[in-house]
2 protein chains.
Amino acid sequence: MPRIPTAERRDALIQAALRVVAQRGVTAATTRAIVAEAGMSLASFHYAFASHDELMAELIREVVKQEERSVTLPEPPAGATVRDVLRAGVQSYLDSMHADPQREKAMLELTHYALRTPAGEHLARMQYEHYYALASTALAAGAEATNVVWDRPVGEVARILIALTDGLTLAWLVNRDDAAAASLMDFAADAVAGLARPA
Amino acid sequence: MPRIPTAERRDALIQAALRVVAQRGVTAATTRAIVAEAGMSLASFHYAFASHDELMAELIREVVKQEERSVTLPEPPAGATVRDVLRAGVQSYLDSMHADPQREKAMLELTHYALRTPAGEHLARMQYEHYYALASTALAAGAEATNVVWDRPVGEVARILIALTDGLTLAWLVNRDDAAAASLMDFAADAVAGLARPA
DNA sequence: GTCTATAATGAGATAGAC
DNA sequence: GTCTATCTCATTATAGAC
C-alpha cells in the first residue's frame with residue numbers, strides 16, 4: 001500500500017464501514033470486516049483511528065453530511081399544487097430507497113446504534129436536526145413555488161414529514177410492498193398538503 | 001439450580017434476553033450476557049437452545065406475542081368523536097413508551113436485527129402483520145363506537161396508523177421532546193380522522 | 001508509514017464429572 | 001439435568017521488523 005494522507009485513509013475506512021453496514025448490518029461491521037472491505041491491513045486502521053468506537057462515531061457524522069448532498073429539489077411544473085409537489089417528493093425518496101434499500105436500512109440501524117452509545121444520543125439528535133433542516137428547506141421552497149403558506153412553523157411541518165417518511169421507510173423495508181407504499185404516500189401528501197393555506 | 005422444565009427454562013432465557021436487549025441493545029445480547037441476566041450457567045443455555053441464533057428467533061416471536069397482550073382498548077366516553085378516540089389512543093401509546101422507553105427501542109432494534117438475518121425477514125413481516133391486525137381491531141372498534149365508517153379498507157388505515165406511530169416513536173426516542181410529540185399526535189389524529197365518514 | 005505477527009480478550013459451543 | 005472446565009474461533013489492539 002502506498003503512503004496515503006491520514007485524512008484520506010480515515011475517509012476510505014469510513015466509506016468502507018458504510019458499505020459493510022449497508023450490506024451486512026451494524027453487528028457485522030467489525031474492524032476486520034471494515035479493513036477487508038477497504039483493502040487495508042489491520043494496523044493501518046489503528047494508525048488512522050484510535051479505536052473501533054471512534055470510527056463508528058465518525059461514521060454517523062459522515063452519513064449525515066452525505067444525506068445533505070443527496071437531497072434533490074425538483075423544480076415543480078407550472079400549475080402544480082402543493083399536494084402534487086409533496087407527492088412527487090416522497091415518490092422520489094421511495095425511488096432512491098428502491099435503488100439502494102440497504103442504504104436506508106443502514107441509516108436507521110446507525111441511528112439505533114447511536115442511541116445506544118454514550119455520546120451517540122447527541123449524534124442521533126444532530127442527525128435528525130439535519131433531516132428537519134433539509135425538510136424545512138424543501139417545504140419552504142415547495143410552498144413558495146405553489147403559492148401557499150404553511151399554517152404552522154415550517155419546522156413543525158418538517159417534523160411531521162420526517163416522521164411520515166420514517167414510517168414509510170420502515171413499512172417498505174419490512175414488507176417490500178409498493179402498492180401499500182403508494183397508498184401511504186398518497187395519504188402523506190394529502191395530509192401534509194392539508195397543513196397549507198393559499199398565500 | 002433446581003431442575004426446571006425445559007419450556008420454563010427457555011422462557012426464562014427469552015425474558016432475560018429481552019431485558020438485556022432493552023437495557024443494552026442487540027449487540028450486547030451475547031449468550032453470556034443473557035445467562036448472567038437469567039442467573040444460569042452457560043451450559044444450561046445450550047441445554048435449552050441449540051444456538052444463540054435460535055434464541056434470537058424465538059425472542060422475536062415472543063416479543064410479538066407480548067405486544068398483543070399490551071394493547072389496551074379504552075372505552076370511549078359518550079359523545080367522543082373518532083378524532084378524540086384516535087388522539088387518546090396514540091397518547092396512551094406514548095404514555096406506555098414514556099414508562100419504558102427502552103422497550104420500544106428494543107422492539108425497533110429487533111425488527112432491524114430480524115431484517116438482517118436470513119429467516120428473519122419473514123419474522124419481521126409477521127411482526128408487522130400482528131401490528132396491523134391489532135390496529136385494525138382497534139380502528140374498527142373506534143369507528144363503531146363513534147358512529148363512523150372508514151373510507152377505505154380498515155387494513156389500509158391500520159398501515160397508515162402504524163407508520164405514523166413508528167415515525168412518532170423514532171422521533172421521540174431521538175429527541176425526547178414531548179411538545180413535538182404532542183404536535184405529531186395532534187396531526188396524526190386529525191389526519192387519520194379525515195379518513196372517516198359518518199356512518 | 002506500512003506491514004506481519006502476536007498479544008489479550010471475549011465470543012459460541014462442548015466434554016465430562018457429578 | 002446441571003455444573004465446571006475447556007475448546008476453538010473471532011475480535012480489538014499492539015509490538016516490532018522493515
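Proteins come first, then strands; the chains are lettered A, B, ... in the order of their sequence lines, and each starts at number 1. Treat the numbers as computed from the prediction; the structure is a model and nothing was measured.
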Go through it in stages, so that I can follow the logic: the residues are A:F45 and A:M40, the test is side-chain contact (heavy atoms from CB on, under 4.5 Å), and I'd like the CA-CA distance, side-chain angles, deciding distance and then a yes or no.
CA-CA 7 Å; A:F45 176 95; A:M40 285 183 204; over 6 Å; no

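- A:F187 pairs by the ring pair (Phe, Tyr, Trp, His ring centres under 6.0 Å) definition with nothing, not counting sequence neighbours.
- A close approach under 4.0 Å does occur between a side-chain nitrogen or oxygen of A:S41 and OP1 or OP2 of C:dC3.
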Using side-chain contact (heavy atoms from CB on, under 4.5 Å), reason through A:W172 and A:D178 one step at a time and then give a plain yes or no.
CA-CA 7 Å; A:W172 188 82; A:D178 287 323; 2.9 Å; yes

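- Considering CG of B:D95 and NE2 of B:H98, their distance stands at 7.5 Å, rounded to 0.5 Å.
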For nucleotides 13-18 of chain C, print each protein N/O atom paired with a nucleotide N/O atom at under 3.5 Å, atom names and distance only.
| unit_1 | atom_1 | unit_2 | atom_2 | d |
| --- | --- | --- | --- | --- |
| C:dA13 | OP2 | B:H52 | N | 2.9 |

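- Residue B:S44 places at least one side-chain N or O under 4.0 Å from the OP1 or OP2 atom of D:dC3.
- Remark on the helix from C:dG1-D:dC18 to C:dC18-D:dG1: inter-end axis angle 20°, axes from five-pair C1' superpositions, rounded to 10°.
- Between A:F49 atom CZ and D:dT11 atom P the separation is 19 Å, expressed in whole Å.
- Taking side-chain N and O atoms only, A:R9 has no distance below 4.0 Å to OP1 or OP2 of C:dG1.
- Between the CE atom of B:M40 and the P atom of D:dT4 there is a distance of 14 Å, given to the nearest Å.
- When rounded to the nearest whole Å, the span between CG of B:L55 and P of C:dA11 equals 15 Å.
- Distance from the side chain of B:Y47 is smallest to D:dG1 among C:dT4, D:dG1, D:dT11.
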Using distance only, find each side-chain donor-acceptor pair of residues 119-131 of chain A under 3.5 Å and give its atom names and separation, not counting sequence neighbours.
| unit_1 | atom_1 | unit_2 | atom_2 | d |
| --- | --- | --- | --- | --- |
| A:R125 | NE | B:V174 | O | 2.9 |
| A:R125 | NH2 | B:V174 | O | 3.4 |
| A:Q127 | OE1 | A:T111 | OG1 | 3.1 |
| A:Q127 | NE2 | A:T111 | OG1 | 3.2 |
| A:Q127 | NE2 | A:Y131 | OH | 2.9 |
| A:Y128 | OH | A:D166 | OD2 | 2.9 |

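- No donor-acceptor pair under 3.5 Å is formed between the side chain of B:E8 and the backbone N or O of B:I4.
- Sequence neighbours left out, the pairs with a member in residues 142-157 of chain A that pass side-chain hydrogen bond (donor to acceptor under 3.5 Å, both in side chains) are A:D151-A:R197, A:E156-B:S183.
- Residues meeting the ring pair (Phe, Tyr, Trp, His ring centres under 6.0 Å) test with A:Y93, sequence neighbours left out: none.
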